[in-house]
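Structure first, commentary second.
Whatever order the structure lists them in is the order used to number ligands and atoms, beginning at 1. In this chain, residues are counted from 1 in sequence order.
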Amino acid sequence: MKASDIENVDFKKIEKKWQKRWEKDKAFEAKENSKKEKCYVLEQFPYPSGSGLHMGHAFIYTIGDIYARFKRMQGFNVLYPMGFDSFGLPAENAAIKNKSHPKKFTEDAIKNFIRHFKEFGNSYDWSRIVETHKPDYYKWDQWIFLKMFEKGLAYRKKAPVNWCSKCRTVLANEQVHNGKCWRHEDNNVEVRHLEQWFLKITDYADELYENLNNLDWPEEIKSMQKNWIGKSEGAEIGFEIDGEKWPIFTTRPDTLFGVTFLVVSAQHPKLMELVADEKKKEVEEFLKKIKSTSEKGFSQIEKEGIFTGSYAIHPLSGEKIPVWVGNFVVADYGCGMVMGVPAHDQRDFEFAKKYGLKIKEVVKGGDVKEKAYDGSGELTNSGDFDGLDSVEGKEHIIKALEFKKLGRRTVNFKLRDWLISRQRFWGTPIPIIYCDRCGIVPVSEKDLPVKLPDNIKFESERNPLTENKKFIDVKCPKCKGKARRETDTMDTFVNSSWYYLRYLDSKNKKKIFDSKKANYWMPIDIYIGGKEHACMHDIYFRFYHKFFRELGMVEGDEPAVRLFNQGFVYGSDGRKMSKSLGNEIIPGKAAKKYGVDAVRLFLVSSASLEKDFNWSDNGAEGSMKFVRKAIDYCKNVKIGRSSKKTEHKANKAIKEVTEDVENFRYNFAVIKMRGLFDSLEDEIGKKDLESFLKMFSVFCPHVAEELWSKLGNKKLVSLSKWSEVDEKKIDEKFDKEERAVEKTVSDILNILKIVKGEKVYVYVLPSEIEFYSDKELELRVGKSVKVFAVNDKNKYDPANKSNKVKPGRPGIFVE
Ligand code: ANZ
Ligand code: ZN
Ligand code: ZN
């Protein structure tokens, strides 16, 4: 074949041809009635944004597709579905701008996304598509809400909540990052006091925390979740103030004798009861003035406080302890009150220094005049407990408190209930009705879904539901009197908390999903997505799963046993890709230029998948050249018998590529596959060529199908069986040989840099002579080469180089 023919490969035509065939054959549709072992491969589904599929999407979805194809060929019954997380603010904002309906934007965007996905050849089972903005999907969001309401897990309360003025809605704690909105990194979240709906995720806090230990998830994500859930074990200790018991929470009961003051939160609901009459005015002034923390752990603010005029009685020593109000104590963590131990807690130390409070050392080991010592050590100044080690002392002190009924062991969590109300239109309506007579009344199950109206106008800044009489006015399900619908919608993270279960039975009209089907497919064997969801989606869907388990609908405790986080694709200049920077590479355009298969191959071969990397035109071009070389080779190769070396190479590659793909080391898999390709000879056995094509097919499925069919195969390579390794064919001698030749070539080239000459003589041990061929060496070093065994009587060896030859280290002479 002429070079120009290779240049003219019509990738688009090949892609279209095989995409059609896959669709026609329903090649990737998954069924439950299979004798094969199941494998559920899932990627986090996208929000269908107006700008279409970007390179980050192409990357994550290529990772999943390669794995799904690989598992399918390995003989698993693979489920690999796709859908859309299609409620959300961007579509609503676009609708406001264009005076239209968000549904229109959403559905146009979805059409676009599906086209792009299909152009990329992903092997999804499209028959299971879910779109969360469709009533037949969000009906079940509402159904779950009602179930939670029934069990007291969905509840309404007035609470200080995070308000983003740009989103014009409240946010969940998880969606506030360092005091800013997760969508608006430049916008400080305000605190507002509103009646809102919450889901009681805290009921599962302990299990969400402890189960992490059983998950094959990246350590980084697990520790982020652990921090977010924030389990702390300690004790609640009662201090008597004016005859009444006030509890504090501490993780260090061993430091109890070091308490020199108590601090109550400035937002503690019963704070004023503590304040002595003569101090009331002063404290009120103070409260008006200070800024307080609302989030545990977010304590960068300057510590401020004021004495309340009251004293507490120490539960074990009976000492009188001053009670202060402070801005650094969080009202809704622990007991909203802490014991101040300045010698052993740095915050307390700073507070004591600032206000001249006593510092009393009770654990030896540091210099508490300088700073707090928070380690362990021998107890001192601690009455009967002196001399005990603090770790042991802690247990004794808790026992003593329990005996006096002044304390008990407790566990606290930082995790808060999930605030799901949103004051926006484009989300699932909360199925609740307010009746003046009956109060809060849930919509009956038979009346679901509560649908979003089609006929709406975005006229003001407000959610149009609040102005839509047809939506709001409703009969009370209980008394049949006049009532109003809830106009808040649900956080869209609700929609994505259970989509993985709906895929399993996406068309069920009677039930959210069939438990038999769910139990067949669950858990997700591999879940692929971004790190940014560590403390949001990745916690929410675990919570939902546990709730379904409680309802008896699923058997397992966890939705996904294995999680993989892909890296981020940057522009070729190392910056975030964006239209405005002019460094954006659109997947569809790149596919036109290099072919889909080359783009896929490039994306997974330039770095480890979990690392961030830069797009590179050269890289994509290199991948395209490789694809073309594969086409060229298959056209010209003689199908016959493989050499022993080829058999060795092929089997070794199968072995290594299998392991690498299984462990998401795709870049290594590609190196090994290409290594095999480079070693292929002009004649090859059909079986070995097919083994290569099978490996090639998971990365480059379209071209692989084409080459596979050219070999006379009627069935699809995508559905063929992954090659088994034939260990007997692996002979390390070939690799040794190759390394020896490599080394010799580089030695010769080095010598040629110093010694000028046209003829090269190589002397090797007789046992190694078969490794070397004059011709190959000549090609590689560009000089005439002659190889001799050292015991060859007729060798030409004027410098007596054959004397010093050792195993693997030939002698070299140049003249
Ligand atoms: C006395 C003490 C002595 C403490 C010591 C620490 C070291 P985590 O691990 O985050 O749970 N604390 C308790 N409730 C608080 C609240 N509502 N706002 C702010 N701080 C609070 O932290 C528990 C520790 O944080 C508790 O243990 C308490 O200080 C403080 F050498 O009690 B400790
Ligand atoms: Zn915002
Ligand atoms: Zn009523």
If the contact criterion is a heavy-atom separation under 4.0 Å, does Thr251 count as touching ligand 1?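 Yes; Thr251 lies near enough to ligand 1 that a heavy-atom distance drops under 4.0 Å.
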
Of Thr489, Asn463, Thr428, Asp491, which is the lone residue that meets side-chain hydrogen bond (donor to acceptor under 3.5 Å, both in side chains) with Arg422?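 Exactly one candidate clears the test, Asp491.
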
Ring centroid separation for Phe493 and Trp182, is it under 6.0 angstrom?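 Yes, close enough.
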
Do Trp163 and His193 have their ring centres less than 6.0 Å from each other?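 Here the rings of His193 and Trp163 have centres that are no less than 6.0 Å from each other.
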
Work out the angle at the Zn ion (ligand 2) between SG of Cys164 and SG of Cys167, rounded to 10°.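 Centred on the Zn ion (ligand 2), the SG/SG angle is 110° (to 10°).
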
Consider every N or O of [X] and every N or O of ligand 1, then say whether any pair is closer than 3.5 Å.
X      : result
Arg252 : no
Asp348 : no
Thr250 : yes

Out of all atoms in ligand 1, which are within 4.0 Å of some heavy atom of [X]? Include the element for each.
X      : answer
Val329 : 16 (C), 17 (N), 18 (N), 19 (C)
Met339 : 1 (C)
Ser232 : 8 (P), 9 (O), 11 (O)

What verdict does the side-chain hydrogen bond (donor to acceptor under 3.5 Å, both in side chains) test give for Asn173 and Lys414, after you've listed the backbone C-alpha separation in whole Å, the side-chain angles of each residue and the deciding distance to 0.1 Å? CA-CA 11 Å; Asn173 285 342; Lys414 292 200 183 98; over 6 Å; no

Heavy-atom pairs closer than 4.0 Å: do any link ligand 1 to the side chain of [X], the backbone, both, or neither?
X      : answer
Val338 : side chain
Arg347 : side chain
Thr255 : side chain

Regarding Lys226 and Asn213, do their side chains bring together a donor and an acceptor under 3.5 Å, going by distance alone?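 On atom types as modelled, these side chains qualify, holding a pair under 3.5 Å.
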
His57 side-chain N/O to Pro46 backbone N/O, donor-acceptor pair under 3.5 Å: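 No, because the side chain of His57 does not come within donor-acceptor range (under 3.5 Å) of the backbone of Pro46.
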
Nearest to atom 31 (F) of ligand 1 by heavy atom, Met337, His344, Lys414: which?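 Answer by nearest heavy atom: His344.
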
Heavy atom to atom 19 (C) of ligand 1, shortest distance: which of Phe328, Phe249, Tyr333, Tyr373 holds it?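 It is Phe328 that holds the nearest heavy atom.
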
Of all N, O or S atoms in His184, identify the one at the shortest distance from the Zn ion (ligand 2).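 For His184, the N/O/S atom sitting closest to the Zn ion (ligand 2) is ND1.
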
Working to 10°, measure the angle at the Zn ion (ligand 3) formed by atom SG of Cys476 and atom SG of Cys438.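 For SG of Cys476 and SG of Cys438, the angle centred on the Zn ion (ligand 3) reads 110°.
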
Rounded to 10°, how big is the angle at the Zn ion (ligand 3) from Cys479 SG to Cys435 SG?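 That angle works out to 100° after rounding to 10°.
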
Test Asp141 against Asn495 for side-chain hydrogen bond (donor to acceptor under 3.5 Å, both in side chains), laying out the working first. CA-CA 7 Å; Asp141 281 323; Asn495 308 114; 2.5 Å; yes

Using a strict 4.0 Å threshold on nitrogen-to-oxygen distance, state whether Lys231 and Asp206 make a salt bridge.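 Yes, this pair counts.
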
Whether Asp186 and Lys166 form a salt bridge (side-chain N of Lys/Arg under 4.0 Å from carboxylate O of Asp/Glu) is what I want to check.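 Yes, this pair counts.
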
Begin from the C-alpha positions of Thr202 and Trp418 and carry the test side-chain hydrogen bond (donor to acceptor under 3.5 Å, both in side chains) through to its verdict. CA-CA 8 Å; Thr202 52; Trp418 177 10; over 6 Å; no

